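Data first, discussion second: the structure below is written as structure tokens.
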Amino acid sequence: MIQRFKIVLVLMMLLSGISLYGQKTYIVCVGLNVNRDGVDPLPCSRGDMKSIANFYHDYNGSDVFMLLDSNATRDHILKILKQQFSKSTPADEIIFAYSGHGFDGGLSTYNNDEVLYCSEVQEIMLNSNARRKMMYVMSCHSGSFTKKYKNVRDRRRQYNKKSNVLLFLSSKDDEYSWEMGGMDNSFFYHFLLEGLNGKADKNNDKKVTARELYNYVAPRVEYVTDGEQHPVMWGKFPDDMVIVNVK
């Protein structure tokens, strides 16, 4: 009887798409302290990506791929996103993490004349088999990813509602995102990492939900920037969706 129960349980898990070995996280981290022309260097972007990569590696042995500065060209980013996220199964999650310069609807890459549009990243994520898809983006004007554009030429900049990707963005569309020399992380990633490490678990149930994470990060970023930066969380997801389990 016990053996039969085990077989039935295994079959149920396989049919429901749940891995017998647990969820795996595939995360691509892109950090740009400098670009090819050395214009407007940033102090914390590499640190942001090293910190978020270390967190997920320690959390569940995530498959982490990190692209920093000269490795973060547009073509290389797109290639690695497709390569990494295509590995995911319906039991897994995929995360795109970014820290660097941004503009209306997109992100900078190492080559200043080559940009990465939000919709391009989401299209790759849409085509993956992962059950959960998230983007953490620290850049000026990152909130513009949620905007609607009437101009056909600009539609590649906008959020694709079909992509079911949770966007956690560092600022509104008309705001800068702040970081300072001497800090290991930008304000956004500093509080994001605190939240993921358990400080956002308000009800102490050993789970950090999407709403708990936002409620922890947003007011703290707003406070330390004197109300000049307001993080945005966007997408189709339940407020109680668990982002991480607290160890």
Side-chain angles (χ1 to χ4, degrees), residues 17-19 21-31 44 47-64 66 84-85 88-99 121-122 125 128 130-139 142-143 145-146 163-172 177 179 183-225 229-247:
I18 299 174
S19 171
Y21 301 99
Q23 169 186 290
K24 189 174 182 68
T25 300
Y26 294 90
I27 178 168
V28 175
C29 303
V30 177
C44 300
D48 282 344
M49 293 301 94
K50 290 178 181 178
S51 294
I52 198 73
N54 287 337
F55 169 81
Y56 275 98
H57 180 268
D58 294 342
Y59 173 65
N60 65 353
S62 300
D63 189 325
V64 178
M66 189 157 45
Q84 289 297 98
F85 292 167
S88 63
T89 74
D92 300 328
E93 69 175 352
I94 56 175
I95 299 173
F96 172 66
Y98 178 90
S99 184
V121 178
Q122 290 178 311
M125 299 180 89
S128 82
R131 67 181 178 86
R132 187 163 62 192
K133 306 166 187 182
M134 296 185 289
M135 292 173 63
Y136 301 133
V137 177
M138 202 302 295
S139 75
S142 53
F145 291 1
T146 68
S163 65
N164 69 316
V165 178
L166 185 158
L167 305 182
F168 200 3
L169 312 169
S170 60
S171 60
K172 291 182 179 179
S177 292
E179 52 187 282
M183 296 175 60
D184 293 327
N185 302 120
S186 62
F187 291 121
F188 176 71
Y189 270 103
H190 173 82
F191 291 114
L192 175 66
L193 287 158
E194 281 193 351
L196 292 173
N197 274 296
K199 289 190 175 182
D201 180 20
K202 187 174 182 180
N203 62 0
N204 297 312
D205 65 351
K206 297 298 183 181
K207 299 175 183 178
V208 173
T209 66
R211 179 53 54 186
E212 284 179 322
L213 186 59
Y214 176 80
N215 287 345
Y216 181 83
V217 175
R220 288 164 174 80
V221 171
E222 292 170 22
Y223 178 78
V224 298
T225 60
Q229 181 179 338
H230 300 80
V232 175
M233 186 175 277
W234 189 267
K236 293 184 178 179
F237 57 90
D239 281 354
D240 62 354
M241 184 179 86
V242 177
I243 304 296
V244 293
N245 292 295
V246 180
K247 295 183 178 181

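The model shown is predicted, which means the values in this text are computed figures rather than measured ones.
With a 4.5 Å cut-off on side-chain heavy atoms, Val121 and Met135 count as touching. Within the 4.5 Å cutoff, the side chain of Leu167 has no heavy atoms near those of the Val232 side chain. Residues Phe96 and Val30 form a side-chain contact, since some pair of their non-hydrogen atoms from C-beta on lies under 4.5 Å apart. Proximity of Val28 to Tyr98: side-chain heavy atoms (C-beta onward) are nowhere separated by under 4.5 Å.
Side-chain atoms of Ser139 and Ser177 include no donor-acceptor pair closer than 3.5 Å. Glu222 and Gln229 share no side-chain donor-acceptor pair at under 3.5 Å. Counted by atom type alone, Thr209 and Asp240 present zero donor-acceptor pairs between their side chains at under 3.5 Å. Defined by atom type and a distance below 3.5 Å, a donor-acceptor pair is missing between the side-chain atoms of Tyr26 and Glu93. Residues Ser51 and Asn54 bring no donor and acceptor atom of their side chains to less than 3.5 Å of each other.
For the atom pair Met241 CE and Met134 CE, the distance stands at 5.5 Å (nearest 0.5 Å). Atom-to-atom distance recorded for Glu179:CD and Thr225:OG1 is 13.0 Å, nearest 0.5 angstrom. Distance check: Leu166 CG to Lys133 NZ gives 12.5 Å after rounding to the nearest 0.5 Å. With rounding to the nearest 0.5 Å, the separation of OH in Tyr136 from OG in Ser142 is 14.5 Å. Distance check, rounded to the nearest 0.5 Å: OG of Ser62 to NZ of Lys24 gives 7.5 Å. The OH atom of Tyr189 sits 15.0 Å away from atom CG of Asp184, with the distance rounded to the nearest 0.5 Å.
Between Asn197 and Val246 the shortest heavy-atom distance is O-CG1, 4.4 Å. In this structure, Gly198 and Val208 approach most closely via the heavy-atom pair CA-CG2, 4.4 Å. When every heavy atom of Phe187 is checked against every heavy atom of Val221, the shortest pair comes out as O-CG2, 4.0 Å. Closest approach of Ile27 and Ala97 over heavy atoms only: CD1-CB, 4.5 Å. Residues Ala53 and Met66 share a closest heavy-atom pair of CB-SD, 4.3 Å. Residues Tyr214 and Pro219 come closest through the heavy atom pair O-CD, 3.9 Å.
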**OP:** Would you sort out whether Val165 and Trp234 count as a side chain to side chain contact (heavy atoms under 4.5 Å, CB included), showing the intermediate values?
**Re:** CA-CA 8 Å; Val165 178; Trp234 189 267; over 6 Å; no
**OP:** Assess whether side chain to side chain contact (heavy atoms under 4.5 Å, CB included) is satisfied between Phe145 and Gln122, documenting all intermediate values.
**Re:** CA-CA 10 Å; Phe145 291 1; Gln122 290 178 311; over 6 Å; no
Original post:
Could you walk me through whether Gln23 and Arg131 pass the side chain to side chain contact (heavy atoms under 4.5 Å, CB included) check?
Top reply: CA-CA 10 Å; Gln23 169 186 290; Arg131 67 181 178 86; 2.2 Å; yes
Original post:
Hey, mind stepping through Tyr216 and Leu192 against side chain to side chain contact (heavy atoms under 4.5 Å, CB included) and telling me if it holds?
Top reply: CA-CA 8 Å; Tyr216 181 83; Leu192 175 66; over 6 Å; no
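For Arg220, the salt bridge (Lys or Arg N to Asp or Glu O under 4.0 Å) test picks out no residue, with sequence neighbours left out. Judged as a ring pair (Phe, Tyr, Trp, His ring centres under 6.0 Å), and not counting sequence neighbours, the contacts of Phe188 are Phe168. The salt bridge (Lys or Arg N to Asp or Glu O under 4.0 Å) search around Asp63 returns Lys87, not counting sequence neighbours.
Looking only at distances, a side-chain donor or acceptor of Asp92 sits under 3.5 Å from a matching main-chain atom of Thr89. In this structure, Asp48 contributes its side chain and Ile52 its backbone to no donor-acceptor pair below 3.5 Å.
Contact check on Lys202 versus Glu212 returns no salt bridge, with no Lys/Arg side-chain nitrogen under 4.0 Å from an Asp/Glu carboxylate oxygen.
Under the 30°/60° scheme for interplanar angles, the aromatic rings of Tyr56 and Tyr59 are found to stand perpendicular.
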